[in-house]
Amino acid sequence: MSDLEGPAEGPAEGAARSPVTETDAERRRRRAQFLRELHEAKTLRERVQPRRARAARMRQAMRMRTFRW
């Protein structure tokens with residue numbers, strides 16, 4: 001976990017907060033944080049398992065070549 005995150009909320013506290021009260025800025029901030037962590041995890045996985053990561057890139061490239069618009 002990052003030290004930038006606030007205190008952990010329990011399940012009751014998270015359920016009590018309505019998604020309607022969340023502003024667009026908060027949602028974008030959470031999404032940006034999620035995407036940063038996802039990218040970090042992917043790069044770590046590529047470093048730890050280079051052969052598997054290369055195979056995954058090749059499969060993705062094949063999917064993109066065969067994709068029809």
Apply the hydrophobic cluster definition, ILVMFWY joined by side-chain contacts under 4.5 Å directly or through others, and give me every member besides Met62. none
Over all atoms of both residues, closest heavy-atom pair of Arg63 and Gln60: NH2-OE1, 2.5 Å
Separation between CD (Gln33) and CG (Leu35), nearest 0.5 Å, reads 9.5 Å
Could you tabulate the donor-acceptor pairs under 3.5 Å formed by side-chain atoms of residues 42-59, not counting sequence neighbours?
unit_1 : atom_1 : unit_2 : atom_2 : d
Thr43  : OG1    : His39  : O      : 3.2
Thr43  : OG1    : Glu40  : O      : 2.8

Taking only residues two or more places apart in sequence, or in another chain, which ones meet Ala25 in a side-chain contact (heavy atoms from CB on, under 4.5 Å)? Thr23, Arg28, Arg29
